[in-house]
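The structure appears right after this line, and notes come after that.
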There are 2 protein chains.
Amino acid sequence: MESATDAGAPPGLGFAAALVRMSHLVQHVFADVSRERDVTPQQAQLLCVLTSGDGVGMTDLSRLLHLEKPSLTGLVDRAERRGLVRRVRDDADRRACRVELTPEGEELAVRVHGEIVSRLEALAADLPGEDRLRVADTLTILLAQTR
Amino acid sequence: MESATDAGAPPGLGFAAALVRMSHLVQHVFADVSRERDVTPQQAQLLCVLTSGDGVGMTDLSRLLHLEKPSLTGLVDRAERRGLVRRVRDDADRRACRVELTPEGEELAVRVHGEIVSRLEALAADLPGEDRLRVADTLTILLAQTR
DNA sequence: TATTGTTATACTCTATAACTATA
DNA sequence: TATAGTTATAGAGTATAACAATA
């Protein structure tokens with residue numbers, strides 16, 4: 001006996017495998033929602049990161065998104081061309097700039113974020129709230145280690 | 001009081017947010033391990049999918065990886081050029097082919113998979129085994145809904 | 001006619017190396 | 001000299017439309 005699943009329940013996946021599979025599922029939700037809103041998943045992720053705080057520098061953004069800076073330059077270029085974000089020159093340090101959401105980008109960010117959250121919550125609709133909470137809390141602990 | 005986290009514990013993330021954050025973490029583990037082994041994350045994922053079973057058709061593979069078929073053609077082309085997979089013509093249906101791991105591809109797949117699993121398990125090292133099991137089982141249930 | 005897979009094409013994403021401008 | 005960001009370049013990933021070959 002190596003699993004806590006009852007007879008008749010799905011064959012338990014193993015911790016790492018479950019995380020990997022869940023990660024793929026989340027990726028696909030992200031991809032589906034992005035496609036419906038006519039942005040790429042990468043651009044959607046950029047918008048979501050920009051939702052917190054009012055303007056993020058390119059260096060911070062590249063760390064947050066785990067992208068090399070030239071990759072980020074291109075991503076921001078394309079998002080800017082679509083009118084989703086804008087670069088604002090920093091007066092204090094004239095090398096730097098902050099990237100901000102435009103009103104259009106902000107609206108899109110809210111819609112995409114809301115849709116993703118609602119699809120993931122829907123997935124857990126049949127789950128006892130207690131289990132849902134426990135998963136969220138346990139994952140939160142794991143995530144805190146890698147900050 | 002809207003969270004079960006104790007005082008001093010990390011601020012609980014919310015179910016959907018926790019899944020999204022965990023997904024990003026898994027993506028980065030995947031990216032790091034792939035890079036160390038000198039393959040792209042997409043190629044690593046292809047190898048992992050091919051580990052189960054001996055040869056998968058392009059149509060099945062495109063469904064498993066959620067890729068349009070022309071995208072898959074390119075991915076398999078590049079992996080084949082690197083000697084990681086090979087296309088084997090299907091004698092029964094001469095339109096079709098099965099994609100198989102080469103010995104080199106199989107060795108790489110095992111290493112990448114093992115490394116990813118071990119890093120994710122390591123992340124949970126401080127977690128009571130009971131919690132780890134509960135998360136795995138709960139996620140398994142969620143995943144089973146979307147098969 | 002339907003299905004399997006590829007080709008043609010156009011973008012997007014990403015990294016490395018070299019660069020500009022400011023600190 | 002170090003830091004913020006960009007440009008140049010090359011390759012990988014992806015999708016849509018059109019196609020070839022076989023069923």
Side-chain angles (χ1 to χ4, degrees), chain A residues 24 27-28 30-50 55-100, chain B residues 24 27-28 30-50 55-100:
Chain A
H24 291 158
Q27 293 306 115
H28 295 142
F30 227 91
D32 290 346
V33 170
S34 301
R35 158 162 291 230
E36 286 166 22
R37 298 294 176 179
D38 221 33
V39 282
T40 64
Q42 291 87 351
Q43 286 174 11
Q45 203 194 343
L46 170 64
L47 297 185
C48 288
V49 167
L50 291 176
V56 184
M58 294 294 278
T59 300
D60 288 346
L61 212 41
S62 97
R63 187 177 40 73
L64 287 169
L65 296 174
H66 296 254
L67 284 177
E68 295 301 322
K69 283 198 289 182
S71 309
L72 181 61
T73 293
L75 184 62
V76 171
D77 283 349
R78 290 182 292 271
E80 195 166 28
R81 217 180 299 140
R82 291 190 185 192
L84 302 175
V85 307
R86 82 171 80 86
R87 285 174 169 93
V88 181
R89 249 23 239 202
D90 183 338
D91 294 323
D93 181 345
R94 280 160 48 222
R95 295 169 301 179
C97 66
R98 287 175 301 114
V99 182
E100 293 179 349
Chain B
H24 290 159
Q27 292 306 117
H28 296 141
F30 227 91
D32 290 345
V33 171
S34 301
R35 158 163 291 231
E36 285 166 24
R37 298 294 176 178
D38 222 33
V39 281
T40 65
Q42 290 87 349
Q43 286 174 11
Q45 203 193 342
L46 169 63
L47 298 185
C48 287
V49 167
L50 290 177
V56 184
M58 294 294 279
T59 300
D60 287 346
L61 213 41
S62 96
R63 187 176 40 73
L64 286 169
L65 296 173
H66 296 255
L67 284 178
E68 295 302 320
K69 282 198 289 183
S71 309
L72 180 61
T73 294
L75 184 61
V76 171
D77 283 350
R78 290 182 292 271
E80 195 166 29
R81 216 180 299 140
R82 291 190 186 194
L84 302 175
V85 306
R86 83 172 79 85
R87 284 174 170 93
V88 181
R89 250 22 239 203
D90 183 337
D91 292 323
D93 181 345
R94 282 160 48 221
R95 296 169 302 181
C97 66
R98 287 175 302 114
V99 182
E100 293 179 349

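The chains referred to below are lettered A, B, ... by the order of the sequence lines, with proteins before strands, and numbering in each begins at 1. For the numbers below, each heavy atom of this structure counts, side chains included, while hydrogens, waters and symmetry mates do not.
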Minimal non-hydrogen separation, B/P41 against B/S34, with atom names
CA-OG, 3.5 Å
Under 4.0 Å from any atom of DNA chain D, heavy atoms only: list the residues of [range] that qualify, in numerical order.
range	result
residues 32-46 of chain A	A/R35
residues 86-99 of chain A	A/R87, A/R95, A/A96, A/C97
residues 65-75 of chain A	A/K69, A/P70, A/T73

Please tabulate, for side-chain N and O atoms in residues 60-72 of chain A, each donor-acceptor pair with protein atoms closer than 3.5 Å (sequence neighbours left out).
{"from": "A/S62", "atom 1": "OG", "to": "A/T59", "atom 2": "O", "distance (Å)": "3.2"}
{"from": "A/S62", "atom 1": "OG", "to": "A/L67", "atom 2": "O", "distance (Å)": "3.4"}
{"from": "A/H66", "atom 1": "NE2", "to": "B/H28", "atom 2": "ND1", "distance (Å)": "3.4"}

Earliest and latest nucleotide of DNA chain D, 5' to 3', sitting under 4.0 Å from a non-hydrogen atom of chain B?
D/dA12 to D/dA23
Flag the pair A/M58 / A/T73 as yes when at least one side-chain heavy-atom distance between them is below 4.5 Å, and no otherwise.
yes
Side chains of B/V99 and B/V85: closer than 4.5 Å at any heavy-atom pair?
yes
My understanding is that only residues two or more places apart in sequence, or in another chain, count here; which of them pass side-chain hydrogen bond (donor to acceptor under 3.5 Å, both in side chains) with B/Q45?
none
Could you list the residues that satisfy side-chain hydrogen bond (donor to acceptor under 3.5 Å, both in side chains) with A/D32, not counting sequence neighbours?
none
Could you measure the distance from the CZ atom of B/F30 to the CD atom of A/Q27? Nearest 0.5 Å is fine.
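Going from CZ on B/F30 over to CD on A/Q27, the span is 10.5 Å.
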Report the distance from atom CZ of B/R98 to atom CG of B/D91, rounding to the nearest 0.5 Å.
8.5 Å
Here the salt bridge (Lys or Arg N to Asp or Glu O under 4.0 Å) pairs for residues 35-47 of chain A, sequence neighbours left out, are A/E36-A/R119
Could you point out which residue of B/L84, B/L46, B/V33 forms a side-chain contact (heavy atoms from CB on, under 4.5 Å) with B/V39?
B/L84
Tell me whether the side-chain N/O atoms of B/T59 come closer than 4.0 Å to OP1 or OP2 in C/dG5.
yes
Among pairs that include at least one residue of residues 79-90 of chain B, which meet side-chain hydrogen bond (donor to acceptor under 3.5 Å, both in side chains), considering only residues two or more places apart or in two chains?
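Pairs touching residues 79-90 of chain B that pass the test: B/Q43-B/R82, B/D77-B/R87, B/E80-B/R87, B/R86-B/E100.
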